[in-house]
Amino acid sequence: YSQDTQAASFDFTTAEGFASGSNSLNGQNGWVAPAGAVLVNTASDKEFVFVNGTHNSYWGGGTFDPTAGAMTFTTDFKFNANPSANGDVFNVIRLAADPTSSDVARIYFRYIASSDSYRMRYSRGNGFDVDIASSDLFAASAIGQTAGSDAQSNDLSLSWTLTRGATKDAWSSSLALSNLGGADIDIGFGSTIWSTTVDVSDAFHTDTAVSWGFQTAGVNNANVFATSASVAVVPEPSSYALISGLLLCTFIGFRRVRS
């Protein structure tokens, strides 16, 4: 893999070069992770597991340039959590201008105790409620959890597209959450897609090498089955000129054939 990557994906399988059995994720295929991030069953179940605690893991094999186009990140996962009070749960996708800094953009679950429900939240910092934006509420049962009796979620998939804005407070964010093999979840005020405008830090806005990863918080454990990232590259103005020229030549040739 190289820096300024346009696409990367991982199923955490032995075919991709990951070690089978229970092994640390750290150092495998460019991943940087603490001791708590452990690969399991990479040949069959295709997953790695975060154990209890707050851990930050990121892919060190490449970065992504938001000035090139819309960035899309998808994670297939499940998590086990039994929160009893309002709080943050599992940063499913965490992007950073620098993986060791607080200049981040992150999507995470926020638990609401009074209604045993969640909402998806966006934040531009590591701390609680840093310039947040919140989706609509959805019942914990929509992802397979029940307060006091069932802490394990269903197998879920979250897809997030983040598009750079002209200014740091005008980035576009579009998020979808679904049960794998099941129904999409209404998180967007009557829609299964939550689209909004978000604010990023000054450093994140000007960065052209965004790092990508995850961070646990408030979970007993979390399993990631597969993850991918890509940038939909916007053609340069010269490319538009070339395309237009080719189309014009094609049109002229077509006219000559017809005449």
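Not measured: the values here are computed from a predicted model.
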**Q.** side-chain contact (heavy atoms from CB on, under 4.5 Å) assessment of Ile107 paired with Asn91
**A.** CA-CA 6 Å; Ile107 289 291; Asn91 292 280; over 6 Å; no
Q: Check the pair Ser201 / Asp103 against side chain to side chain donor-acceptor pair (under 3.5 Å), numbers first and verdict last.
A: CA-CA 6 Å; Ser201 70; Asp103 292 313; 3.3 Å; yes
Q) Can Thr197 and Trp171 be said to form a side-chain contact (heavy atoms from CB on, under 4.5 Å), step by step? A) CA-CA 6 Å; Thr197 300; Trp171 285 52; 5.9 Å; no
Q) Where do Phe204 and Val210 land on the side-chain contact (heavy atoms from CB on, under 4.5 Å) test, with the steps shown first? A) CA-CA 8 Å; Phe204 197 98; Val210 170; 4.0 Å; yes
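Side-chain contact of Asp65 with Thr208: a donor-acceptor pair under 3.5 Å is absent, judged by distance alone. Asn154 and Asn179 form a side-chain donor-acceptor contact under 3.5 Å, judged by distance and modelled atom types alone. Between the side chains of Ser24 and Asn26, no donor N or O sits under 3.5 Å from an acceptor N or O. Looking only at atom types and distance, the side chain of Ser159 has a donor-acceptor partner in the side chain of Thr74 under 3.5 Å away.
Residues Pro34 and Ser57 are in side-chain contact: their nearest non-hydrogen atoms beyond the backbone lie under 4.5 Å apart. Counting only heavy atoms from C-beta outward, the side chains of Phe73 and Ser228 never approach each other to under 4.5 Å. Thr196 has its side chain within reach of Trp194: a pair of non-hydrogen atoms, C-beta onward, lies under 4.5 Å apart. A heavy-atom distance below 4.5 Å is found between the side chains of Tyr118 and Ile143. Annotation: side chain of Ile187 is in contact with side chain of Leu175 (closest heavy-atom distance under 4.5 Å). Put simply, the side chain of Asn29 reaches to within 4.5 Å of the side chain of Glu16, judged on heavy atoms. Counting only heavy atoms from C-beta outward, the side chains of Ser211 and Asp98 never approach each other to under 4.5 Å.
A distance of 6.0 Å or more separates the ring centres of Phe109 and Phe90. For an aromatic pair to be called close, the ring centres must be under 6.0 Å apart, and Trp59 with Phe10 satisfies this. Aromatic rings from Trp212 and Trp31 are positioned such that their centres are separated by under 6.0 Å.
Exactly one of Leu156, Asn220, Asn221 qualifies for a side-chain contact (heavy atoms from CB on, under 4.5 Å) with Phe79. That residue is Leu156. Put simply, the residue from Phe77, Phe225, Phe18 that forms a ring pair (Phe, Tyr, Trp, His ring centres under 6.0 Å) with Phe12 is Phe18. A salt bridge (Lys or Arg N to Asp or Glu O under 4.0 Å) with Asp88 is found for one member of Arg110, Arg119, Arg94 and no other, namely Arg110.
A donor-acceptor pair under 3.5 Å is absent between the side-chain atoms of Gln215 and the main chain of Val92, judged by distance alone. The main-chain N or O of Asp150 is never found under 3.5 Å from a side-chain atom of Gln145 such that the two would form a donor-acceptor pair. Side-chain atoms of Ser141 never come within 3.5 Å of backbone atoms of Gly144 as a donor-acceptor pair (strictly under, hydrogens ignored). Between the Asp116 side chain and the Thr146 main chain, no donor and acceptor come within less than 3.5 Å of each other. Side chain of Thr206 to backbone of Asp202: a donor-acceptor contact under 3.5 angstrom is found. Of the possible polar contacts, none joining the Tyr122 side chain to the Ser135 backbone as a donor-acceptor pair under 3.5 Å is found. Of the possible polar contacts, one joining the Arg106 side chain to the Gly125 backbone as a donor-acceptor pair under 3.5 Å is found. A donor-acceptor pair is defined here as one N or O able to donate and one able to accept, closer than 3.5 Å; no such pair exists between the side chain of Asn82 and the backbone of Ala151. In this structure, Asp11 contributes its side chain and Thr13 its backbone to no donor-acceptor pair below 3.5 Å.
The two residues Ser117 and Ser115 come nearest to each other via the heavy atoms OG-OG, 2.5 Å. Heavy atoms only, all atoms of each residue included: Phe64 and Ser230 are closest at CE2-N, 4.5 Å. Between Asp136 and Gly190, the shortest heavy-atom distance links the atoms OD2-N, 4.3 Å. Annotation for Ser178 and Asp184: closest pair CB-OD1, 3.0 Å, computed over non-hydrogen atoms.
In this structure, Met120 CE and Ser134 OG are separated by 10.5 Å, a value rounded to the nearest 0.5 Å. Atom CG of Leu95 is separated from atom OG1 of Thr63 by 12.0 Å, given to the nearest 0.5 angstrom. Atom CE of Met71 is separated from atom CG of Leu162 by 4.5 Å, given to the nearest 0.5 angstrom. Put simply, CD1 on Ile193 and OG1 on Thr161 are 9.0 Å apart, with the number rounded to the nearest 0.5 Å. To the nearest 0.5 Å, the span separating CZ on Phe214 from CG on Leu25 amounts to 9.0 Å. Within the model, atoms CD1 of Ile93 and OG1 of Thr75 stand 4.0 Å from one another, a figure rounded to the nearest 0.5 Å.
Both Phe138 and Leu158 sit in one connected hydrophobic cluster of ILVMFWY residues. Membership requires side-chain heavy atoms under 4.5 Å apart, directly or through other members. Using a 4.5 Å cut-off between side-chain heavy atoms of Ile, Leu, Val, Met, Phe, Trp and Tyr, with links allowed through other members, Val198 and Phe189 fall into the same hydrophobic cluster.
With sequence neighbours left out, Asp76 forms a side chain to side chain donor-acceptor pair (under 3.5 Å) with Ser157. By the salt bridge (charged side-chain N to carboxylate O under 4.0 Å, His left out) test, Lys78 is found to be paired with no residue, residues two or more places apart in sequence or in another chain being considered.
Members clustered with Tyr58: Val32, by chain and number, using a 4.5 Å side-chain heavy-atom cutoff among hydrophobic residues.
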